[in-house]
Amino acid sequence: MNAPVDVVGRAGALLRAVSAREPDGASTSALARATSLARPTAHRLLASLQAEGLLERDEATGRWLLGPELYLLGAAASARYDVTALAQPVVRRLAVATAESAFFSARRGDETICLVREDGSFPIRSHVLAEGTRFPLGVASAGMAVLAYLPDPEVDDFLARTDLAASYGEQHRADRVRERVAATRGEGYAVNPGLIVPGSWGMGAAVFDGQDRPAWALSLTGIEQRFGEDRRRELGAVLLQAAHDLTRMLRR
């Protein structure tokens, strides 16, 4: 007997893939590749999501974009899930204090998703991260900050079933990730030394929920020249204080 097709799971994967490509959108072929679906299957599901208002298609480019129904659903759920109103001023203060781009990301399963971005005054900026961008745990500074503060059995389980190196390179082999987990726990904050885009560095600190679990992260990104050892210590102290303050706010 054939296993049932997980239509909801496939539709959810497509919605997440479109979200990660906002605001420019993505073609059917690109979304099919991103979700490992056959192109006809992807197109059929995308059309169904469009019919429900969850997606829309740009007539000029053929690219898929998030639809208006998602905005309405998100607004209805915001009373329970929206923490960005509290995070926004903290992220803005980080950007002002450091002159770097500052971010607030939330854990969602095995990923982090960027919810807030504020650019600082330094004119050269990193564009690795923007609202809606998703990375697996252990990738980028926010994902590393979250992963490092999970209990060891959860870290082991995640690395046993996830091949980060296949998508992000040898620096993301399980043994290398474990080294960065240990370093993050030692320093209190995560450092991404240009592992995604050469020359683009990041730092992240975990923000904890009421059960002392890493549910969110604050992070900074910028060019390598601005992340020397002495300044990393300064930025780390600023990040940890901001993460501590935001944790207290979110627990009220």
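Values below: every heavy atom of this structure, side chains too, minus hydrogens, waters and symmetry copies.
What you find for L147 and G138 is that their closest heavy atoms are CD2-CA, 3.7 Å. When every heavy atom of A32 is checked against every heavy atom of A42, the shortest pair comes out as CB-CB, 3.8 Å.
Atom CG of L246 sits about 5.5 Å away from atom CG of L218, to the nearest 0.5 Å. Between atom CG of residue L235 and atom OG of residue S219 there is a gap of 12.0 Å, rounded to the nearest 0.5 Å. Separation of atoms CH2 (W201) and CD (E224) is listed at 5.5 Å; rounding is to 0.5 Å. Taken from CG in D230 to CD in E234, the straight-line distance is 7.0 Å, to the nearest 0.5 Å. Within the model, atoms CE of M203 and CD of E100 stand 10.5 Å from one another, a figure rounded to the nearest 0.5 Å. Rounded to the nearest 0.5 angstrom, T162 OG1 and D157 CG are separated by 8.0 Å.
Under a 4.0 Å N-O distance rule, the pair D212/R251 qualifies as a salt bridge. A salt bridge links D156 with R178: the closest approach of a Lys/Arg side-chain nitrogen to an acidic carboxylate oxygen falls below 4.0 angstrom. Look at E170 and R173 and you find a salt bridge, because one of the NZ, NE, NH1 or NH2 atoms lies within 4.0 Å of a carboxylate O, short of that distance.
Within a 6.0 Å radius of CZ in R185, other residues, nucleotides and ligands contribute more than 12 heavy atoms. Summarising the local packing, CZ of R231 is surrounded by more than 12 heavy atoms from other residues, nucleotides or ligands at distances under 6.0 Å. Enclosure of atom CZ in F122 by more than 12 non-hydrogen atoms of other residues, nucleotides or ligands within 6.0 angstrom is indicated. Atom CD of E69 is surrounded by more than 12 heavy atoms from other residues, nucleotides or ligands within 6.0 Å.
Connection of V7 to L54 is established within a shared hydrophobic cluster, with ILVMFWY side chains joined at heavy-atom distances below 4.5 Å, either directly or through further cluster members. Note on L159: it clusters hydrophobically with F135, by side-chain heavy-atom contacts below 4.5 Å among ILVMFWY residues. Hydrophobic clustering places M249 together with L239 (ILVMFWY residues linked when any side-chain heavy atoms are closer than 4.5 Å, directly or through intermediates). Hydrophobic clustering (ILVMFWY, side-chain heavy atoms < 4.5 Å, transitive): W216 and V116 are in one cluster. Connection of L70 to L46 is established within a shared hydrophobic cluster, with ILVMFWY side chains joined at heavy-atom distances below 4.5 Å, either directly or through further cluster members.
Side chains of W64 and Q50 form a contact here, defined as non-hydrogen atoms less than 4.5 Å apart. L94 places none of its side-chain heavy atoms less than 4.5 Å from the side chain of E118. Taking the side chain as every heavy atom from C-beta outward, N192 and M144 never approach each other to under 4.5 Å. The shortest side-chain heavy-atom distance between R16 and E111 falls under the 4.5 Å cut-off. Looking at heavy atoms from C-beta onward, F158 lies in side-chain contact with D110 at the 4.5 angstrom threshold. Here the side chains of L37 and L45 are in contact, with some heavy-atom distance below 4.5 Å. Considering only heavy atoms from C-beta on, R180 comes within 4.5 Å of H172 through its side chain.
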Could you please spell out the steps behind the side-chain contact (heavy atoms from CB on, under 4.5 Å) verdict for T28 and R39? CA-CA 7 Å; T28 302; R39 190 184 184 286; 3.8 Å; yes
Point to revise | Derivation of the side-chain contact (heavy atoms from CB on, under 4.5 Å) call for T221 and F103 | key: CA-CA 8 Å; T221 68; F103 308 87; 3.3 Å; yes
Point to revise | Steps toward side-chain contact (heavy atoms from CB on, under 4.5 Å) verdict (R117, V91) | key: CA-CA 7 Å; R117 172 178 178 141; V91 176; over 6 Å; no
side-chain contact (heavy atoms from CB on, under 4.5 Å), that's the test. Do L137 and R107 meet it? Break it down for me.
CA-CA 8 Å; L137 299 181; R107 180 188 178 190; 4.0 Å; yes
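For the side-chain contact (heavy atoms from CB on, under 4.5 Å) criterion with L55, the lone passing option out of V18, L14, L65 is V18.
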